**Student:** 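Pasting a structure here, questions to come.
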Amino acid sequence: MEELIVEAYHKAKTKEFFAITTILEKLLKKYYSLQDPRTWITTGEVRRILEQRGLWV
């Protein structure tokens, strides 16, 4: 999941959080069924992962 979040960060045209999460949602739909528990991620988890990687302040 972390790899998809980082990929969404790099694909986003702006580094606004909404743009990143929108790209992440598209990637999740591409790779997983929406009923798959791996797609259930909160915005807080996304923010935490970006902060851990030094991509979000």
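Owing to the predicted nature of the structure, the values given are computational and were not obtained by experimental measurement. The residues of the chain are indexed from 1 along the displayed sequence.
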**Student:** Mind listing the closest non-hydrogen atom pair of Arg38 and Asp36 along with its distance?
**Tutor:**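 In this case the closest contact between Arg38 and Asp36 is NH2-OD2, 2.6 Å.
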**Student:** Is the number of heavy atoms from other residues, nucleotides or ligands under 6.0 Å of Lys26 NZ greater than 12?
**Tutor:**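 12 or below, so no.
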**Student:** Could you grab the distance from atom OG1 of Thr39 to atom CG of Leu24, nearest 0.5 Å is fine?
**Tutor:**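 One finds 10.0 Å between OG1 of Thr39 and CG of Leu24.
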**Student:** From Lys15 NZ over to Leu50 CG, what is the distance, rounded to the nearest 0.5 angstrom?
**Tutor:**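 One gets 10.0 Å once the value is rounded to the nearest 0.5 Å.
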**Student:** How many angstroms lie between atom CD of Glu16 and atom OG1 of Thr22, to the nearest 0.5 angstrom?
**Tutor:**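 Spacing of CD (Glu16) from OG1 (Thr22) equals 10.0 Å.
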**Student:** Which value, rounded to the nearest 0.5 Å, describes the distance between Tyr31 atom OH and Glu7 atom CD?
**Tutor:**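 That separation rounds to 5.0 Å.
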**Student:** Check step by step if side chain to side chain contact (heavy atoms under 4.5 Å, CB included) holds for Val46 and Trp56.
**Tutor:** CA-CA 10 Å; Val46 172; Trp56 188 262; over 6 Å; no
**Student:** Just wondering, do Leu55 and Ile5 contact through their side chains at under 4.5 Å, heavy atoms?
**Tutor:**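 No, too far: nothing below the 4.5 Å cut-off.
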**Student:** For the OH atom of Tyr9 and the OG1 atom of Thr21, what is their distance to the nearest 0.5 Å?
**Tutor:**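 Rounded to the nearest 0.5 Å, the OH-OG1 separation comes out at 14.0 Å.
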**Student:** If you compare all heavy atoms of Ala19 against all heavy atoms of Thr14, which two are closest, and at what distance to 0.1 Å?
**Tutor:**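 Scanning both residues, the minimum pair turns out to be CB-OG1, 3.6 Å.
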**Student:** Which pair of heavy atoms, one from Phe17 and one from Thr43, lies closest together, and at what distance?
**Tutor:**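 Nearest heavy atoms, Phe17 then Thr43: CZ-O, 3.5 Å.
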**Student:** Can you tell if the side chain of Leu28 reaches within under 4.5 Å of the side chain of Met1, non-hydrogen atoms only?
**Tutor:**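 Yes. Closest side-chain heavy atoms under 4.5 Å.
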**Student:** Using the salt bridge (charged side-chain N to carboxylate O under 4.0 Å, His left out) rule, take Arg47 and Glu51 through it: C-alpha gap first, then chi angles, then the decisive distance, then the call.
**Tutor:** CA-CA 6 Å; Arg47 187 177 303 265; Glu51 286 174 349; 5.4 Å; no
**Student:** Once you round to the nearest 0.5 Å, how far does CD of Glu25 lie from CD1 of Ile41?
**Tutor:**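 Glu25 atom CD to Ile41 atom CD1 measures 12.0 Å (nearest 0.5 Å).
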**Student:** Please name the pair of heavy atoms, one in Ala8 and one in Ile20, separated by the smallest distance, quoted to 0.1 Å.
**Tutor:**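 Scanning both residues, the minimum pair turns out to be CB-O, 3.7 Å.
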**Student:** Please report the shortest heavy-atom distance between Trp40 and Gln35, naming the atom on each side.
**Tutor:**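 Scanning both residues, the minimum pair turns out to be CZ2-O, 3.7 Å.
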